[in-house]
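In what follows, a single structure is set out as structure tokens and then discussed.
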Amino acid sequence: HFINRGRLTVSQSKSKKTRAEETERISRRLREVTVHQLATVGVDGLSMVRVAQEAKTSKSPLYRRYDDSIDLAVDVWDHHLRDHLQLVLRRTAQLALNGDEDALTWLTDQMYRPSFESGALVECLSAARRFEYLLETVEIDLDRELQNYLQGLPDLPVDIALSYVIYVFGGLFVGPLLPGTRHDYVRAFT
């Protein structure tokens, strides 16, 4: 490989691109595994060693990028869970605005059969107050996203708009803990 008038040769450029792509692939895989871990074992059970093992990589990429498991959780929040929070709030707004049946179905499914993203979101929200670094990130984003949600519902009284959020997030927190399936639960109260 040689440099030709300050420019990279094709093989050098391809090599750098390949390394960058591999680095991004590893980062994505680490985040996917971390979302799964957050949803299943929580912030307290999040293990850098276990994340590396499940991602089928060595520990060195983790320790080069993150100081500890809370730093890893914050990165996942920044790159993935904030988007999921926005999705949940967007679906909640659709439900609040016009009783959107698709939004209701999606939200109900998340309450009773949560995705790993919803499980990880709930875990980060519930654990944030115990971890200052996570709290700083989550608190800022949650405040901003709730303000955006409320601005998107200008004709709805704030108390009513927030009651939808409370209902949905209460369901996300409690739904998976309820015995039986959604069908059994609904049938018991009708």
Side-chain angles (χ1 to χ4, degrees), residues 13-93 103 106-107 109-152 165-166 168-177:
S13 175
K14 186 176 181 181
S15 173
K16 286 192 178 215
K17 184 177 180 184
T18 303
R19 273 187 273 148
E21 289 171 349
E22 180 63 12
T23 298
E24 182 55 33
R25 186 194 66 74
I26 291 170
S27 294
R28 271 194 316 274
R29 182 67 184 138
L30 291 171
R31 288 182 189 122
E32 289 170 7
V33 169
T34 301
V35 166
H36 181 264
Q37 287 293 310
L38 286 169
T40 56
V41 298
V43 171
D44 295 312
L46 185 61
S47 161
M48 301 267 281
V49 171
R50 193 173 17 213
V51 168
Q53 287 171 341
E54 287 189 27
K56 296 181 178 26
T57 188
S58 68
K59 293 180 283 189
S60 61
L62 270 172
Y63 288 105
R64 277 194 304 258
R65 292 175 174 89
Y66 310 106
D67 293 335
D68 55 26
S69 61
I70 300 305
D71 195 26
L72 178 59
V74 169
D75 181 65
V76 166
W77 177 272
D78 286 341
H79 287 93
H80 197 69
L81 297 178
R82 180 188 310 123
D83 294 340
H84 194 68
L85 171 66
Q86 291 168 349
L87 174 61
V88 170
L89 289 173
R90 194 168 45 251
R91 295 293 185 135
T92 303
W106 187 85
L107 289 166
D109 285 345
Q110 291 305 301
M111 287 181 204
Y112 294 101
R113 289 176 301 283
S115 63
F116 288 122
E117 291 84 1
S118 288
L121 175 67
V122 165
E123 176 59 24
C124 283
L125 290 171
S126 62
R129 64 187 170 92
R130 294 192 330 262
F131 302 99
E132 187 175 336
Y133 182 47
L134 183 59
L135 178 62
E136 290 170 4
T137 301
V138 168
E139 197 171 43
I140 290 168
D141 290 340
L142 186 58
D143 184 55
R144 183 183 56 245
E145 296 309 326
L146 283 173
Q147 291 300 322
N148 290 340
Y149 165 81
L150 291 171
Q151 288 172 3
V165 171
I166 292 166
V168 167
F169 279 93
L172 288 174
F173 277 85
V174 175
L177 303 174

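Small disclaimer: the values here were computed from a predicted structure and weren't measured.
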Exercise for the section: Run the numbers on His80 and Thr34 for side chain to side chain contact (heavy atoms under 4.5 Å, CB included), then give the verdict. Expected result: CA-CA 10 Å; His80 197 69; Thr34 301; over 6 Å; no
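- Residue Ala128 comes nearest to Leu134 through the heavy atom pair CA-CD2, 3.9 Å, listed as atom of the first residue, atom of the second, then distance.
- Residues passing the side-chain hydrogen bond (donor to acceptor under 3.5 Å, both in side chains) test with Arg28, sequence neighbours excluded: none.
- Here the side chains of Asp75 and Asp71 are not in contact, with every heavy-atom distance at 4.5 Å or above.
- Atom CD of Glu132 has 12 or fewer heavy atoms from other residues, nucleotides or ligands within 6.0 Å.
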Practice task
Test Arg19 against Glu22 for salt bridge (charged side-chain N to carboxylate O under 4.0 Å, His left out), laying out the working first.
Solution key: CA-CA 5 Å; Arg19 273 187 273 148; Glu22 180 63 12; over 6 Å; no
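- Inter-residue side-chain proximity for His79 and Arg31 is flagged as met; some heavy-atom pair is nearer than 4.5 Å.
- Contact detail for Leu38 and Val43: the closest heavy-atom pair is CD2-CG2, 3.7 Å.
- Of the possible polar contacts, none joining the Arg113 side chain to the Asp109 backbone as a donor-acceptor pair under 3.5 Å is found.
- Listed here is the closest heavy atom pair of Gly119 and Pro114: N-CB, 4.4 Å.
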Problem - Ser118 vs His84, side chain to side chain contact (heavy atoms under 4.5 Å, CB included): CA-CA, chis, key distance, verdict - result: CA-CA 7 Å; Ser118 288; His84 194 68; 2.8 Å; yes
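- For the side chain to side chain contact (heavy atoms under 4.5 Å, CB included) criterion with Leu89, the lone passing option out of Leu150, Val168, Leu146 is Leu146.
- The shortest heavy-atom contact between Ser69 and Leu46 is O-CD2, 3.4 Å.
- In this structure, Leu62 and Met48 approach most closely via the heavy-atom pair CD1-O, 3.0 Å.
- Within 6.0 Å of CZ in Arg129 there are 12 or fewer heavy atoms belonging to other residues, nucleotides or ligands.
- In this structure a side-chain-to-backbone donor-acceptor pair under 3.5 Å is present from Gln110 to Ser115.
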Handout entry: Phe116 and Thr40: CA distance, side-chain angles, deciding distance, side chain to side chain contact (heavy atoms under 4.5 Å, CB included) verdict
Key = CA-CA 8 Å; Phe116 288 122; Thr40 56; 3.9 Å; yes
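- Looking at Arg29 and Thr57, their side chains never bring a donor and an acceptor atom within 3.5 Å of each other.
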Practice task
Run the numbers on Phe131 and Asp44 for side chain to side chain contact (heavy atoms under 4.5 Å, CB included), then give the verdict.
Solution key: CA-CA 10 Å; Phe131 302 99; Asp44 295 312; 3.3 Å; yes
